[in-house]
Number of protein chains: 2
Amino acid sequence: MTRKLIQAAAAGKKAKAATPNSRAGGDAAPLSNRATRAAERRAAIVEAAMEEFIARGFAATRLDDIAKRAGVAKGTIYLHFKDKESMFEELVRTVIVPVVARLNALPPPTGSVRDLIESFAGNFMKEVIGTRRGDLVRLIVAEGPRFPSVADFYYREVVSRGLAGMRALIDLGIARGEIRQKNLARYPQILIAPAMIAVIWQSLFQRHAPLDAQDMLRVHLDLIFGERRAT
Amino acid sequence: MTRKLIQAAAAGKKAKAATPNSRAGGDAAPLSNRATRAAERRAAIVEAAMEEFIARGFAATRLDDIAKRAGVAKGTIYLHFKDKESMFEELVRTVIVPVVARLNALPPPTGSVRDLIESFAGNFMKEVIGTRRGDLVRLIVAEGPRFPSVADFYYREVVSRGLAGMRALIDLGIARGEIRQKNLARYPQILIAPAMIAVIWQSLFQRHAPLDAQDMLRVHLDLIFGERRAT
DNA sequence: AAATATTGACTGACTAGTCAGTCATTGTCA
DNA sequence: TGACAATGACTGACTAGTCAGTCAATATTT
């Protein structure tokens, strides 16, 4: 009997939740399609899981909390993921993949290398630092050692590609005479370093001393390209 | 009977360890066997706890494992620390404090600023990157958001001091004409950034692509001070 | 009605923290 | 000095609670 009441409540909740269908996609279709529905569920779980993992770390995150946040029963999670661990791994993949895709959609290389890098990095700052994505990076740094497969994946898909891209830009800059330091091409990490610092700073020390990442980046680029003449 | 063996072993250990009484205070005070022993225990617990926390993170670390590694019963931990959480916090303090102390023991500023920074950073690399201390930094990055008091402490004792020191050096470099970029003084983080990257790289990606931190540092300094003439 | 999807109560393994008891060490007294 | 008492550091079995993962019951879709 307790069961019945609970079920009724659950049913009510579901019915209610089904109406305000404010999904990202604007289609008014009833979504009675089972597959669509399942995909939505999965997306909700991924979203909720990311939130929780970022806030508490892998070990301290409870599946019950993820389920509650996703508006789903715990069992449902196991319809989509084998266990907590592989959920974490798949989650990182799921979130990272579209980022990689966008990286691959290269903007046409026009203008000076400095402008290219500045606009690219500026975009990066805006979309990563201080956002959920930035927190994800910190999460990977935090849990990487215990999830080699995650670290591997991240290295392969993001780090190595990102560095390769940076290296190409640096080579271009060197060829065009914009960059003096030829050795820089050996360490594209140096180009990225301030951005990484900003990500970490944001989540650890922002409250103590706010950091203007954009401005820091500009100073860093001045170091590489030489001081800029008046804008 | 098991008990007897353990006790005997402990006694033996104590006798051996009691001799090299290298306390900070130089007083030859007796330090009654008992107190010495307790201090040793505490040190063993701290050491073991650091190892475990670094390897597994805060939440996934079992006190039983720490106790076992320290050669101590679980209850003993609670004679030294209030609970797991405050153990973690105190542990970070305990390990960091001597580092800060050494930072404060400034080396006399002789030679060029570049040499100063290079030797300082070189030392840093050797003592931090790829060592337990480096792992501790990563641990702080990982757990910081969930332990504000740890992040606060680390910021106050290490980050702010380190940055202030760097800023002083940069100012000196600017005054002496070794550094062109005046704005660099506003972001000493840029000076530190490659070192942080190296710490993180070491623990996440070393296996995929080894990173010569020393060399990277050199390139980075070339960026700041200008390319170096032949060594 | 059958097939499929979802639920959430339940289980069992695991662990932070406790505490009554032990015993080496230290202190006291003859 | 040697015998005895007091101390408190240390132990580890135990408690109380947590949480990942399961599955029979229920709901929904076809």
Side-chain angles (χ1 to χ4, degrees), chain A residues 1-18 29-42 44-45 49 52-53 56-88, chain B residues 1-15 18 29-45 48-49 52-53 56-88:
Chain A
M1 55 207 67
T2 300
R3 180 63 81 74
K4 235 172 222 165
L5 283 175
I6 293 172
Q7 294 288 16
K13 190 168 117 206
K14 188 184 1 163
K16 195 172 55 175
L31 289 200
S32 56
N33 188 325
R34 246 150 134 136
T36 310
R37 180 92 173 248
E40 264 175 22
R41 294 269 206 213
R42 195 194 143 99
I45 292 170
E52 294 287 330
F53 280 137
R56 310 177 136 65
F58 176 80
T61 291
R62 280 159 301 211
L63 289 188
D64 281 313
D65 289 347
I66 293 176
K68 195 190 290 185
R69 185 187 279 263
V72 145
K74 185 156 60 153
T76 305
I77 292 176
Y78 287 88
L79 299 176
H80 293 274
F81 302 96
K82 184 173 145 280
D83 56 16
K84 192 184 178 186
E85 207 162 301
S86 55
M87 175 167 63
F88 180 70
Chain B
M1 51 204 72
T2 302
R3 178 64 80 73
K4 236 170 220 165
L5 284 175
I6 292 171
Q7 294 289 14
K13 192 168 120 209
K14 189 207 343 186
L31 233 311
S32 65
N33 238 345
R34 221 135 148 166
T36 309
R37 176 102 170 239
E40 264 172 24
R41 294 278 205 209
R42 196 195 142 101
I45 292 169
E52 294 288 330
F53 281 136
R56 311 179 132 67
F58 175 81
T61 291
R62 280 161 301 214
L63 289 188
D64 280 315
D65 289 347
I66 293 176
K68 196 191 287 184
R69 185 187 279 264
V72 146
K74 183 151 65 146
T76 305
I77 293 176
Y78 287 89
L79 299 176
H80 292 275
F81 302 96
K82 183 172 145 283
D83 56 17
K84 193 184 179 188
E85 208 163 301
S86 54
M87 176 166 65
F88 180 70

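In what follows, every chain begins at residue 1, and chains take the letters A, B, ... in the order their sequences are listed.
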Mutual orientation of the aromatic rings belonging to B:Phe53 and B:Phe58 [parallel < 30°, tilted 30-60°, perpendicular > 60°]: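 Rings of B:Phe53 and B:Phe58: parallel, under 30°.
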Figure out the [atom1]/[atom2] separation between [X] and [N], and round it to whole Å.
X       : N      : atom1 : atom2 : value
B:Glu52 : C:dA16 : CD    : C1'   : 15 Å
B:His80 : C:dT18 : NE2   : P     : 16 Å
A:Ile45 : C:dT6  : CD1   : P     : 9 Å
B:Tyr78 : C:dA20 : OH    : C1'   : 18 Å
A:Lys82 : D:dG21 : NZ    : P     : 8 Å
A:Arg56 : D:dA20 : CZ    : P     : 12 Å
B:Ile66 : C:dT15 : CD1   : P     : 12 Å
A:Glu40 : C:dA5  : CD    : P     : 15 Å

Distance (rounded to the nearest 0.5 Å) between B:Met87 CE and B:Ile77 CD1: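 B:Met87 atom CE to B:Ile77 atom CD1 measures 5.0 Å (nearest 0.5 Å).
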Side-chain touch A:Phe88/A:Thr61, heavy atoms, less than 4.5 angstrom: no
Is there a side-chain contact between B:Lys68 and B:Arg62 in this structure, where contact means two heavy atoms from C-beta onward sitting under 4.5 Å apart?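 Sidechains of B:Arg62 and B:Lys68: no contact.
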For the side chain of B:Lys84 and the base of C:dG17, is some donor closer than 3.5 Å to an acceptor across the two? no
So does B:Arg41 get a side-chain nitrogen or oxygen closer than 4.0 Å to the phosphate oxygens (OP1/OP2) of D:dC10? yes
With respect to the phosphate group of C:dT6, does any side-chain polar atom (N or O) of A:Thr76 fall under 4.0 Å of OP1 or OP2?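 For C:dT6, OP1/OP2 do not have a side-chain N/O of A:Thr76 under 4.0 Å.
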Which of the following nucleotides, [options], is nearest to the side chain of [X]?
X       : options                : result
A:Arg62 : C:dT7, C:dT6, D:dC19   : D:dC19
B:Lys74 : D:dC19, D:dA13, C:dT6  : D:dA13
A:Asp83 : D:dG21, D:dA20, D:dT29 : D:dG21

By the 4.0 Å heavy-atom rule, please label A:Leu63 as base, sugar-phosphate, or nothing.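 Since only primed, P, OP1 and OP2 atoms lie under 4.0 Å of A:Leu63, the category is sugar-phosphate.
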For B:Ile77, answer base if it contacts any base atom (sugar-phosphate contacts may also be present), sugar-phosphate if it contacts only those atoms, and nothing otherwise; contact means non-hydrogen atoms under 4.0 Å.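 Result for B:Ile77 = nothing.
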Can you give me the closest heavy-atom contact between B:Ile45 and B:Phe81, atom names plus distance? CG2-CE1, 3.7 Å
